[in-house]
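The structure under discussion appears below in the form of structure tokens.
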Amino acid sequence: MFRSLSELEQSPAFVNRLEREFPQGAAELSREGDEDSLSRRSFMRFMGASTALAGIGLASCRRPVGKILPYADSVEWMVPGKAVYYATAMPRLGGATPIIAKVHEGRPIHLQGNALHPGSLGSTDQFAIASILDFYDPERSRSYRKGRGDSKTIEADEFWSFVSEKKKEWTSSKGNGLAFLHGASTSPTRARVADLIYQQLPEVSFYEYEAVDNKSLKNATISLFGKENHVRYQIDKAHRILSIGSDFMGVDRVSDSAASDFSMGRKVDHIEGEEKPGPMNRLYVAEHQYTVTGGMADHRLPVRVSEQSALVNEVAKQVAELTGDARLKSLTGERQVSDAIKTWTEGAVKDLYENKGKSLVLAGNRQDEEVHALCLAINNALGNIGSDKAIDIVTGSHPESGAISDLAQAIGDGKISTLVISAESDPAYSAPSDLKFDELLSKVETVIHLGVRNLCASARASDWHVPGAHFLESWGDVRASDGTYSVIQPMIAPLFDGVSEIAFLLKLLSDKEPAVGTDPAQEAVKETFKVIAGVDSESLWNTTLRNGFLRDSKYPSANAELNYDSAKGMIGDNVTDSDGYEIVFTTDNKVWDGRHINNGWLQEVPDPITSLTWDNAALVGISTLKKLAKDKGLNWKNKDLVIEDKAHLIKVVSEGEDHYFPVLPAYGHAKNSISVSIGYGQESAGSIAGTPQSSGEDTGNTTGFNVYPLRGTGSLLFATGVKVELVTDEVELREGYNTNTYPIALTQEHFLMEGRALYRDGTKKEFDEESVKSKKAQAEHPGEEHASSFQSRGMDSHIPPEQAIYRGQNVKDLIDDGVQQWGMSIDLNLCNGCNACTIACQSENNIPIVGKDQVIIGREMHWVRMDRYFAPNTDSQGKFDEEEEDFENVQLLPQPVACTQCEAAPCETVCPVNATVHTEEGLNAMAYNRCIGTRYCANNCPYKARRFNFFDYNKRPLDQLYKGPLSDEDKTGVAPSLKLQKNPNVTVRMRGVMEKCTYCVQRIQEAKIDQKRKARDSDDVKVPDGKIKVACQVACTADAIVFGDISDPESRVSKVKQSPRNYEMLKYLGLRARTTYLARIKNPNMKMPDADQVGTVSKKIH
Amino acid sequence: MADAQTSEPIRPVLAREPLVTNGRSMSWVTNKICGIVENRQPALWWYLFIPSVILMGVLGYCLAYLVVTGVGVWGNNHPVGWGWAITNFVFWIGIGHAGTLISAILFLTRQKWRTSVNRAAEAMTLFAVICAGIFPAIHVGRFWMVWFLAPVPNANGIWQNFKSPLLWDVFAVSTYFTVSVIFWYVGLIPDLATLRDRAKKGIRKLAYGFFALGWRGANRHWRHYEMAYLLLAALSTPLVLSVHSVVSFDFATSIVPGWHTTIFPPYFVAGAIFGGFAMVLTLMIPARKIYGLQDLITHKHIDNMAKIILLTGTIVGYAYIMELFISWYGGNKYEQAAFENRQFGYYKWAYWAMFFCNVISPQVFWFKYCRHNLWVVMAVCMCVNAGMWFERFVIIVTSIAQDFLPGAWDFYHPTRIEIWTFVGTFGLFLGLFLLFLRFFPVIAMSEIKGVLPESDPHYLPPETFTHDAEGEKLSHKALKKTAKKTAKKATKKATKKATKKATKKKKN
């Protein structure tokens, strides 16, 4: 055989060329197995190994880059579609939320908690997860601006040259007249840099401002335990908890891990192969308004905030009596409480006392210093303070800064000529109203504002605005609430050239241009790190960056003694209880203090209690609202309290000014108390917050109602003695908008379960009995189904026995084909309804927001929604008087609902085009490209888990949905920055397409591919249990969601589903849902007055 | 019949009420009906037609806006995926049932009174189905992908889901429409030929000539024609039952409480006939007056149709009550709640409006006076038209607005676009019907001639005078004479032709 004529000829020229092309013995290189020769394969193997090692080495010690370059040219180790995860932390009030950011091609797209972090244990909340949207906010500040009011864009140099001019002045005056107003921060680097400035300019002054703070606890701690001390709550150590107005699982951040700590004490099932859960904790909550914490309570008492200090006093008295603690007794005063409070506290205190050393009394951020001091003294008397107790007094520095009232004083005295505002709380908008801070600012010669939002009131009131950097794009550091030190590292170069606070301060310190390739902020953080770690170790720095925290950097326990004398000095008897209405200023579950106002995800996520979106409203108890109506001569029944999609208005008169708020009837609310959340009603909130209020009823470019004007220095937490009345005639709500009602967007309008056993609950006693029974039944009749009492409630008690369709065939063989079968379990006992899962799902799955008017119509797109029901107390028949019930003592039952991936899915049979089909892994999959949008599937879904894109929500600006292709603002889509957030592994759905939860199928696929790659030729393609974590599962701080392979009896989800609490919602329909729920177990104290009602809601349903 | 009186039975045999009153002749029928098409339309026609065209434009605008913007322009939301659109679809489809029932089932059962209403009813059917067909097509999210519903082999290898009742709908409705068109057209052929023969001008003659398919009225034509018509009637008959049964499967095969009901197929069919007849009467009573067709569409026809309305209305009422009974008797909590919500919930006004219109109002037809007073008949028909729309609204919206999980409940309100789309379909329906009146014989001439007493082969005309085409009185004898003459002429002609042919053949 020959390949060419020249080969046949074997001419020397050809042989020569052939030799060059195919050298002799070249084939030998490919000989496998020969030890001595270097085979092609072994060559590849060595090269591969060395590359991989180099990769690992690189991964663990990243090149110390000072600048991050935009991802323009493809990077060798970056695989498109494959996420890279980095650890960082989000600075929070009193601590931090350690975060793992999922980064795709250099864009952070999703945030989740850092489970390795010892202080947070992976806890996150809606704010932390949604903060990524703040980062991509199209209306974030993008440029330096100059001028008050209508400012104009300037170059950065103009500002900095102004500053360097100023600096000469400052140096000569030692900084006299220069003041900084910053937010609360636990950043050691900021404290250090501020200190450096202070050393350079000793006359400079620092002030701290947060609209929502934990100052009362801090002050109480300082005066009781000493200057350098903190309170560290360790809620997992407490078996009996009494919370007085503390929403510690929600917005009152007592620690970074409060919710997960609490849920640890809530676990009741002994899962095979896992540690046996300890005794179940018991939670008593006295609060004025329902909170997620109150929802988890075993016993809850609605008490006005103004009465809560009397309640604490009563608790202290009773504790003193039981413990015989005279010192505690000396702290108590003579305060009258109602009989209801008395009997309630007696029961609770006895229980606390019986669990001495393992109990906890906490007060919320809405309480003043006295209450906190008294609570600490109570805990001291009960022996709850100690390093292994629920309260640990730890040593850690408090940054020293003045309060905003001091600043106001100084400005008033003309002492401040230059003010640098970097407080995120927007002081010009949110400062106590009696300070008239916005007016004071006009007295300051130069106001410089540094912040991520240039729309806020403070930015508008400043002469200079410097665009701030988000924590995802800047260097920084933070200490968690337990003291664990974390470095904040940037995920991406600043999107809009923002400057972080540390970088800003550093630049004030030194004019010098940093060396090329270095970042002064990073250097500064590294410097701090060296001090805190105590060593100068590059590898420890890298480890810290990789882990997201510095190991063993917790605050040490202080073993401080409680100083009763200073406690006594703190507690006075000056509080007088008033009988009038009180108005309580609560932290908003969506916008916090107003800083997240332009965050669409947070705006649209329903409030966990009221299910209100895009607004705030005054919450008033049913009987109080009826009373307000009666004052107006109206005889309202329960059905009159709400109007469809609208709310009545109330008028609050304060200092001669009328303030109007929409009013929502609130369930479980204390009488004569009105709560309004802060943060809304900003003058210029941004285009997302400023979407039309409802179609056709545009009430202006603002959202919600401003409560701050009601809030003075003396009434930061609540105000008493306000005059409140119901509005019946039309009033001018905003300029040119006259109305007597206000359109309001609730995602859930019906709050009663209507006698359907959708949500199941029980008591601890009942659960223990059922556990024994089911174990016995299992032992006696192995393999047979045994329905526990939780499983046979409501319609489910009428399910006929299952008849096999495939007679004579072994169904097991048909099913058991080795394919993994995905399933989920949601533990209602742990879920408090915080909505973090909803936001995480939105972030992971590119779920659009729809705007207020669309929510009013009922078109929200959340794949996992939080149904919450209120269960009033009933008689033994499960009946109550719907007309007369005041719904004050109701139980809150939150239930997350997403697609349950029914095995016999009713949606699949009805789709005419096969757009929704079952995968062999048991997922109810959506083929978005195939969907034509008949919506039949959604109609036939009993869980109503399917979401339809009624408009091009992903493409059109929110206020122009009805204009379709004629929408003039950016016809091609939403703001480009928002597009950067999209997960590239999930389709962005167009209009006319149905969508729904698919158990994060992209994560499943990724894990499967990964496993197949690992398995190579072997059959080991099953993804190991726990490898796949779906977005909601990771987000769930309480660990309520378990996901995995239900065909594997060893998987965690299979084991969890073995619990007698496991039930399938609407099992009666025979759909074989893959997502099942675990009934909520309450741990009532049988000595409490309402003990017979607790945990018996579903039991009464037949 | 003078001799008849002598052998009069003891109890007199009541004469059947004639189907054509006033002893109208065949030529009168031809002149009358062809006259509608050939003469100018009355002013009222224009007063109706122009608004109809405007409404058609509104419909077009609404549909275009919907398609370019999204289904969001309607009021549908998350629990309520189907709102007015599917309500309207079922409403129009239901109306379409009377036509085929009259033309097919009554034809097979030899109900001769059908002849004067079948043509218009069939036309109405077609137009109603056209209106109905709009809604399922445009209610989808991605209109341009509707072809996915057609079994077109494609590269994806994805086929339709034959388990879905929605797909059955597509086939059922399209089959129904196709067969109805053919049936209607076949029935039209002899009459089109008459129009062609009478047409004078070019285009008219050409168009009618084209569609008359060369009909000459030959014996062989008639034989084939009648066989075809009979077969088509037989083919259409099951369709009357199947289409609305299939439409009802859209709901009955689902698991939604209030939809998941086995009674639906017969209940829907009865409801459809009920609503269809009401619509026939709604259209025919004014048309009869405007075009002076009182002799052809007599009180007997109206009476008959009113009786059918009474019957089917009572069936529908039975179904309503049965649904309630079963929901109570079945003991299913969700089912019970669904019906409780219908009667006493948010949409209770719709339920009680439906109940009054469909069950109570037709009960007046027990009384002959009410069946004969056209104002009462019209009022009841209007009630039924509205009631049948409410029925579909109640079934569709109330069931899904509040189904299993109270947490997901929400209510539905139509938008202006939705309302105008529905109003627009009335414009389309009426516009098409007016065009039908303008261009087609509104009553089947050839068939109605078949029910005239003269067409009976054993007919012995009375010894009285009858009218000729010009209205002149003709004696019976004279008529016989002319008949003999023409017969003789005809035979002569025939024999001549035969001989001619024979000679030709021979020559060849």
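A, B, ... follow the sequence lines: proteins, then strands. Residue 1 opens every chain. This structure is a prediction, so every number in the text was calculated from the model and none was measured.
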Part of B:H413 lying under 4.5 Å from any heavy atom of chain A: side chain
Contact class of B:N76 relative to chain A, heavy atoms under 4.5 angstrom: both
Polar side chain donor-acceptor pair, B:R342 to B:S399, under 3.5 angstrom: yes
Under 4.5 Å from any heavy atom of chain A - which part of B:Y346: side chain
Check: B:F135 ring centroid to B:W84 ring centroid under 6.0 Å: no
A:M795 portion near chain B, given a 4.5 angstrom heavy-atom threshold: side chain
Donor-acceptor pair between B:W389 and B:N88 side chains, under 3.5 angstrom: yes
Contact origin within B:L66 toward chain A - heavy atom pairs under 4.5 Å: backbone
B:Y65, part contacting chain A, at a heavy-atom distance under 4.5 Å: side chain
B:W409-A:E749 side chain donor-acceptor pair, cut-off 3.5 Å: no
Geometric class of the B:H78/A:F950 ring pair [parallel <30°, tilted 30-60°, perpendicular >60°]: tilted
Plane angle bin for B:W349 and B:F390 - parallel if under 30°, tilted between 30 and 60°, otherwise perpendicular: perpendicular
Engaged part of B:W168 at the chain A interface, taking heavy atoms whose separation is under 4.5 Å: neither
